[in-house]
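All values below were derived from every heavy atom in this structure, side-chain atoms included, with hydrogens, water molecules and symmetry-related copies excluded. Chain letters run A, B, ... following the sequence lines, proteins first, then strands; residues in each count from 1. None of these values were measured; they are calculated from a predicted model.
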Number of protein chains: 2
Amino acid sequence: MDLGDRVSVSRDGVSYEGILMPTRSDNVVIKLDNGYNVALRRPGCNIQLIAKGRETVLPQKQLSWREGLPQVSILSTGGTIASKVDYRTGAVTSQFTAGEIISAIPDLEEIANYKAFVIYSILSENMMAGYWSELARAVAREIRSGSEGVIVTHGTDTMTYTAAALSFMLETPVPVVLVGSQRSSDRPSSDSSMNAISAATVAVSDIAEVSVVMHEGMSDDYCSIHRGTRVRKMHTSRRDAFKSINQPPIGRVDYLRREIETFGAYRRRGEVELALHEEIEPRCALVKFFPGASSKILDYYVDEGYKGMVIEGTGLGHVASSWIESIRRAVDSGIPVVVTSQCMRGRICDRVYDTGRDMLAAGALEGGDMLAEVALVKLMWALANTSGEEELESVIRRSIAGEISASTPATT
Amino acid sequence: MDLGDRVSVSRDGVSYEGILMPTRSDNVVIKLDNGYNVALRRPGCNIQLIAKGRETVLPQKQLSWREGLPQVSILSTGGTIASKVDYRTGAVTSQFTAGEIISAIPDLEEIANYKAFVIYSILSENMMAGYWSELARAVAREIRSGSEGVIVTHGTDTMTYTAAALSFMLETPVPVVLVGSQRSSDRPSSDSSMNAISAATVAVSDIAEVSVVMHEGMSDDYCSIHRGTRVRKMHTSRRDAFKSINQPPIGRVDYLRREIETFGAYRRRGEVELALHEEIEPRCALVKFFPGASSKILDYYVDEGYKGMVIEGTGLGHVASSWIESIRRAVDSGIPVVVTSQCMRGRICDRVYDTGRDMLAAGALEGGDMLAEVALVKLMWALANTSGEEELESVIRRSIAGEISASTPATT
């Protein structure tokens, strides 16, 4: 019997039918038809073959052009929304093309006509800064070719980093929507269909921003539309893992009605001309401070030739006093140091306590209310798109793509 | 005129009275009596001296013993709850002793009799692992000397790290309560009084755990009682910054009624004998993964002689495939690598996707639903309190102080 075969396993008078899965334990693991796995101690198990496993061949629907519907491009990068369980290894792998996604979710055809391209097919933890540039070029190409919206399917692990990168790289006159799914489409609780349809709804809307569209809550009613620079994956497995931080979402999609409700200002369709600034300096470090952490880690990055650093400090943006000298050394070597907070919510303010004031005196830049991860992507982008310390500082301090709010007024 | 002097400043027909504050700008900055600062452009300002500034001498109430009330020890470590604005530098510094705190908050006397000690007086970002051990010894000494509860006043920046450390170091038969404040006591919106009174209420209660007691919401009605291993500072400045993650708080204090409501199981007074395990191995690293991050950082920590590493991966606990070799190298060198998630909420599961499975094969340990910061403190503690790989792994995987939930059953 091979992994991937359909089997019946009985033990202690109870029997289970499903797909034989690999495991690191000595148990027998079966994937039931409801998508869940069951593990049984091997001794005493009686396993019977029902059918040999085989590669599933997916239908690929022939797409026909529908008059009156806008053209939307779907760029696939891999991830769970485009994945199924690979029964050879038991792991979820990225296998679908964008065309197959449309075939799997026929309702998409009521919203737009689609062009579909596989840009790359990777698990999103293998994403790298250079891929962001390639993706930004592909999005720009689709907009230039007449698409009225672009959907990027993406693994959820690093989707928000990519969303931030595209936000800085693209001035877009049309919606650019990142979407993924937390549960693969072979599972009954999969969110891939609802997320994809909601993403398409945003792609043909008036919201000409880089956004992330994912489940809003526990039920299948709304998807949130998050600004690409303000969103964070806040749960390892829940479908409503994505949350806007430090500002409300741009809006939400009523899934059943396919209607959009917005919660604040956003850039409208056609408000800006398409512009592409896809250069990026990947040699930047994200350093999370903790009690007793050695400042030598900053020296290491300086010595290794890194070009910028983001520190995730504590509270209002602090590190130990022992770090000040290494911050000064980095800044004096021409390496900008941006301070953010591991609190995640709220704003940096290094003017209240001693260590914060010392950090500023050493040349650190306050990251305002930017997320640490977004500050990192912004710094990578700013280093490649500015010349000189002064311009870089000005770009770090001001909002390029909604990632930072104006600092609080002097009277607070 | 000197900084710290009381002045009147008029400009454009409006005048302000307050304390002259230092500033990094060219503005004139005045701290008004309501606690807020106002900044005025210097040209055109007319500044008049009202009174020379001087060091405030704080009243120190003579404490009298009240029959029938339990004995509680207050250990002060510094931080905002014990701080006031230093008008020489304009920054907030830690200056009060525990005795002064009681004088400042007379209602505390209705709850208990207090012994008060300054253990150290630092801003909490300067806390180090060795200080946790010293503090644990001081708490144990107070319990042995007959105190029925111990309150630790602590700066909020790293309070949760200290709470986690004390949770692992102490098996306590009485409540050990960490408390701080987000706004110094010279400000009208200060939370120091309500937090301190709520902490004292918990200190004389039946909840014999290491907990963090801080404002629950925006109003002055409840304080949350967070388990010391499950709490995180989630906002840079708000008074309700502290949140329990991955489980509800132990309970909450109704501030006005001084009553406690609990939300789940907790260890009760006298349930365990006092035990102290204060050894710690501080040479551990916390490494946050991001797209394109170089795995050389892991090699660096191995080469520098670090004894353990916690990785903050993406999603269910992932890093790029390029990191696997360095993880294997660390583990093969006898350096445990614990995987947690930057999602913060939810549970690690490295058995679903390829890279996760590769990490496990390389020897990484899944951090369950532990917070990354707590996993770091636990690893530091476990390295100093176990002998051999097997015992260490067993301690990392099981709950020592409520920091990790039993893994989900095999059928999910």
Side-chain angles (χ1 to χ4, degrees), chain A residues 24 27 36-39 89 91-93 123-129 156-158 161-162 233-238 241 282 286 288-293 296 300 304 312-321 341 343-349 351-355 357 360 373 376 410-412, chain B residues 24 27 36-39 89 91-93 123-129 156-158 161-162 233-238 241 282 286 288-293 296 300 304 312-321 341 343-349 351-355 357 360 373 376 410-412:
Chain A
R24 287 164 52 85
N27 297 332
Y36 287 104
N37 290 353
V38 61
T89 66
V92 178
T93 54
L123 289 171
S124 79
E125 57 269 33
N126 288 327
M127 184 65 65
M128 291 194 289
T156 58
D157 267 37
T158 68
Y161 292 91
T162 301
K233 185 175 181 181
M234 293 297 289
H235 198 283
T236 61
S237 60
R238 275 170 59 151
L286 178 59
K288 183 163 172 177
F289 173 77
F290 58 87
K296 280 189 177 179
Y300 164 79
E304 286 283 304
E312 248 185 68
T314 59
L316 292 162
H318 300 134
V319 294
S321 308
S341 175
C343 292
M344 193 171 305
R345 299 183 200 270
R347 175 180 296 280
I348 293 301
C349 180
R351 273 158 277 190
V352 182
Y353 293 92
D354 284 345
T355 44
R357 297 160 60 84
L360 294 181
E373 300 86 355
L376 176 73
T411 46
T412 62
Chain B
R24 286 165 52 84
N27 297 331
Y36 288 103
N37 290 353
V38 62
T89 65
V92 177
T93 54
L123 289 171
S124 79
E125 57 269 34
N126 288 327
M127 183 65 65
M128 292 194 288
T156 58
D157 266 36
T158 67
Y161 293 91
T162 302
K233 185 176 180 181
M234 294 297 288
H235 198 284
T236 61
S237 60
R238 277 171 58 152
L286 178 59
K288 183 163 171 176
F289 174 76
F290 58 87
K296 280 189 177 180
Y300 164 80
E304 285 284 304
E312 249 186 67
T314 59
L316 291 163
H318 300 134
V319 294
S321 308
S341 175
C343 292
M344 193 171 303
R345 298 183 201 271
R347 174 179 296 280
I348 293 302
C349 181
R351 273 158 277 191
V352 183
Y353 294 90
D354 284 345
T355 44
R357 296 159 61 85
L360 293 182
E373 299 86 355
L376 175 73
T411 46
T412 61

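The distance from atom CD of E312(B) to atom CG of L286(A), rounded to the nearest 0.5 Å, is 8.5 Å.
In this structure, P291(B) and M128(A) have side chains that are not in contact, with every pair of non-hydrogen atoms separated by 4.5 Å or more. K296(B) places a side-chain heavy atom less than 4.5 Å from the side chain of E304(A). Under the 4.5 Å side-chain criterion, counting only non-hydrogen atoms from C-beta, M344(B) is not in contact with H235(A). S237(B) places a side-chain heavy atom less than 4.5 Å from the side chain of L316(A).
Heavy-atom pairs under 4.5 Å with chain A were tallied for K288(B), R238(B), E373(B); the largest tally goes to K288(B). Contacts with chain A were tallied for A293(B), C343(B), G346(B); C343(B) has the most, counting heavy-atom pairs under 4.5 Å.
For the pair Y300(A) and Y300(B), the tightest heavy-atom approach, listed with the atom from each and the gap, is CD1-CD1, 3.3 Å. Shortest non-hydrogen contact noted between K233(A) and G315(B) is NZ-CA, 3.6 Å.
Side-chain atoms of T236(A) do not come within 3.5 Å of backbone N or O of I348(B) as any donor-acceptor pair. D157(A) contributes no side-chain N or O that, together with a main-chain N or O of H318(B), makes up a donor-acceptor pair within less than 3.5 Å.
Looking at S321(A), both its backbone and its side chain come within 4.5 Å of chain B, counting heavy atoms on both sides. Contact of F290(A) with chain B is made through backbone and side chain together, with heavy-atom distances under 4.5 Å.
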